[in-house]
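Quick note on labels: first sequence line is chain A, next is B, and so on, each numbered from 1.
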Number of protein chains: 2
Amino acid sequence: MATINDVARRAGVSTATVSRALNGKSTVDPALVLRVRAAADELGYHPNGLARNLRRQETAVLALIIADVENPFFTSIARGVEDVAQAQGYSVVLCNSDESADKERRYIDVALQERVAGVILSPTGATSNVERLRQRGTPVVAVDRPLPEGDQVLVDTRLAAREATEHLVAAGYRRIGCVTGPAGVRTADDRLAGYRDAIRAAKRPELARHAEYRAAGGREATLELLAEREPPDALLIANSAMAIGTLEALTEANLRLGRDVGVVAFDDVPWATLIDPPLTVVAQPAYEIGKQAAKLLLGRIGASTSAPRTTMLAARLIERGSTVRE
Amino acid sequence: MATINDVARRAGVSTATVSRALNGKSTVDPALVLRVRAAADELGYHPNGLARNLRRQETAVLALIIADVENPFFTSIARGVEDVAQAQGYSVVLCNSDESADKERRYIDVALQERVAGVILSPTGATSNVERLRQRGTPVVAVDRPLPEGDQVLVDTRLAAREATEHLVAAGYRRIGCVTGPAGVRTADDRLAGYRDAIRAAKRPELARHAEYRAAGGREATLELLAEREPPDALLIANSAMAIGTLEALTEANLRLGRDVGVVAFDDVPWATLIDPPLTVVAQPAYEIGKQAAKLLLGRIGASTSAPRTTMLAARLIERGSTVRE
DNA sequence: TTGTAGGCGTTATCAG
DNA sequence: CTGATAACGCCTACAA
């Protein structure tokens, strides 16, 4: 495998000149630049990034640690991050923590060892993981879920849940239930809190269940609620994967969407308009979250630290047929 | 930032001993191991992966370059790769080539520079990109699309398209159309070829369109076909994103799925059973593709080269209501 | 403008 | 069993 030495020998110059020529330093004789380039091409030379980074003490790589690669919400964030990072010459390494604090810790260790320039993550909640990054001085930005005293890009999800519930009240539903994610996951707790805010203000009974952020979780929680003595006639569902389970459950129970049971779900998915009636959703600006987080992170890299910054984005309720009673 | 030297000094031993102790070499006095560990903890020492890899001339990192992070087919592959890689102590770096040969080249350059242990990719078709990896001796495995004379894990997508089309014929549809991906993308061409195989055998008219592998592409191609003087009464759609566009187009045109226009789409998506009638699909074993590819790649790493291997997996037609005429 | 040489942090080799 | 030392490949003062 060709090294800078081989190129230098072949071009009849020193390694210093090769380095300068290939890195576009202006102080090199154009004729030499040509000779070096030719030699490099002939040898199929690719600079060794490991050596380069070791020397420079920096890597143009960002780590993005998300809770679920199969969740469109997170892949949208990924694209936002990627687009901004690419434009600035950074690569993005995508890691899947799978909602597990342990996997998160492992990936943070990798990030630490590989000396990435910065980390964006949706924290599982184990703050000790993030603490290690901070100790080392690696910039961190949290997305989707808060990070105490850290940079973060969030959605006001409690407010969004409250508005979505108020919408159900206004649409004439009387017994409104909520299926949210696992207790302890901050977005799940916040959405539940927002639901409660609205329910109490409207003086309605509370009907809530925690479940895994997956279709199976949504399905079971929904079936449980439907089996109550006084079942709900509307549901707020905390993410799109769970919504799939909920819709399955309603079909099984022979309940008509909208007419029998109104449904609002978090996250605007491409298939929301394909079902009948179309699904009312709380659209989160996922791509924008990714962009903002990447910008914030890149701003932190190589800059002196300053006070933590929180960017709060708004979600948007998109009313469709699934919350129309008649 | 603490280095191995700091730890050595603090523990009162040499750097060599620190290295041996932390890497679990058996030939170290247990008492020293304890002292070293303590010193490392106190200093918050994380070994520098760059230096380590530079020294060892190897990295426990795989690059996975896929055409679209937002396509569930590819994220499923990613999980398959990840699960196998994790179990063997490898990390996976996910890169999004976005169906662009240029981005693909850039990511391959990064992989080359960072000296990853191996690469898994869905080739865009520009074989020159892969050639660079080969020259350097970096193992490569192609997924989803073929790589001339290389290791690959593929689905017999031509056969699958043929069977899906035959299913439409058997279901009683008469004018069967096809919406496939961009010309030049191998899966798109193969699915079109499979469609043609069946159409010719059945002596039916051919009605095909190429489009982008996205909802907008599917929508437009479908509208075009529907605007023909003799429009199709059934469609084979080459991926799930395009299927969304197709279903939108049918709704706009007031055509009932199944009864008026039968539809089969590639890739089994979670929402396939939520629409009415449920969508007939060609299910590809995406997770399995990822697993097989990772196993194949890991087998190549550090092993002597041998003849290229092709693993061909089968897709499975799942018949649902969207291909029932009455 | 070019070359020489030292060092980034680690691990492997070779003595002791 | 432990320690000194030489690389790994690159970049960048400093010197010429």
Sub-3.5 Å donor-acceptor pair from the side chain of [X] to the main-chain atoms of [Y], do we have one?
| X | Y | value |
| --- | --- | --- |
| A/Q152 | A/L147 | yes |
| A/R145 | A/A142 | no |
| A/N96 | A/V69 | yes |
| A/D41 | A/A38 | no |

Does [X] put a side-chain nitrogen or oxygen below 4.0 Å from OP1 or OP2 of [N]?
| X | N | value |
| --- | --- | --- |
| B/Q57 | D/dG9 | yes |
| A/N23 | D/dC11 | yes |
| B/S14 | D/dT2 | no |

Can you tell me the distance, in whole Å, between the [atom1] atom of [X] and the [atom2] atom of [N]?
| X | N | atom1 | atom2 | result |
| --- | --- | --- | --- | --- |
| B/R56 | D/dA6 | CZ | P | 22 Å |
| A/R115 | C/dC8 | CZ | C1' | 11 Å |
| A/L54 | C/dT10 | CG | C1' | 8 Å |
| B/N5 | C/dG9 | CG | C1' | 8 Å |
| B/I4 | D/dA6 | CD1 | P | 17 Å |
| B/L112 | D/dG9 | CG | P | 15 Å |
| B/R9 | D/dG3 | CZ | P | 14 Å |
| A/R52 | D/dC10 | CZ | C1' | 8 Å |

Please determine, for the side chain of [X], which listed nucleotide ([options]) has the closest atom?
| X | options | result |
| --- | --- | --- |
| B/D29 | D/dC10, D/dC11, D/dT2 | D/dT2 |
| B/T3 | C/dG9, D/dC11, C/dT1 | C/dG9 |
| A/R55 | C/dT2, D/dC1, C/dG7 | C/dG7 |
| A/S19 | D/dT12, C/dT10, C/dT2 | D/dT12 |
| B/T15 | D/dT5, C/dG9, D/dC10 | D/dT5 |
| B/T27 | C/dT2, C/dT10, D/dC1 | D/dC1 |
| A/K25 | D/dC10, C/dT10, D/dT12 | D/dT12 |

For a quick check of understanding: with a heavy-atom distance under 4.0 Å over all strands, which category does [X] fall into, base, sugar-phosphate or nothing?
| X | result |
| --- | --- |
| B/N53 | nothing |
| B/R20 | base |
| A/L50 | nothing |

- Using side chain to side chain contact (heavy atoms under 4.5 Å, CB included) as the criterion, point out the one residue from B/T124, B/I108, B/I65, B/D98 that pairs with B/K103. B/D98

- Query: Taking atom CZ of A/R309 as the centre, does the number of heavy atoms from other residues, nucleotides or ligands within less than 6.0 Å exceed 12?
  - Reply: no

